[in-house]
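Predicted model, so just to flag it, every value in this text is computed and none were measured.
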Amino acid sequence: MSQLNPGIPGSPQQGAPVKAISAPPEDLQHVNDDAAAARHLTALRIRGQLAELDSERPQA
């Protein structure tokens with residue numbers, strides 16, 4: 001987020017060079033797998049929290 005707010009100390013300077021990292025797709029597949037697993041776990045946690053809220057609602 002600090003990239004969106006250049007006034008925050010420690011944020012990258014405007015016009016600072018960015019170094020791109022290049023690697024074959026098969027070397028980066030584990031990154032995609034980890035990201036997918038993290039999204040899945042996040043979805044499970046959110047569903048669990050929503051289920052807890054539903055069970056705590058007073059019945060009318």
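- A distance of 7.0 Å separates CG of Leu28 from NE2 of His30, quoted to the nearest 0.5 Å.
- Put simply, CG on Asp34 and CZ on Arg39 are 10.5 Å apart, with the number rounded to the nearest 0.5 Å.
- Test Val31, Asp33, Asp27 against Gln29 for side chain to side chain contact (heavy atoms under 4.5 Å, CB included) and you get one pass: Asp33.
- The closest side-chain heavy-atom distance from Leu41 to Arg45 is below 4.5 Å.
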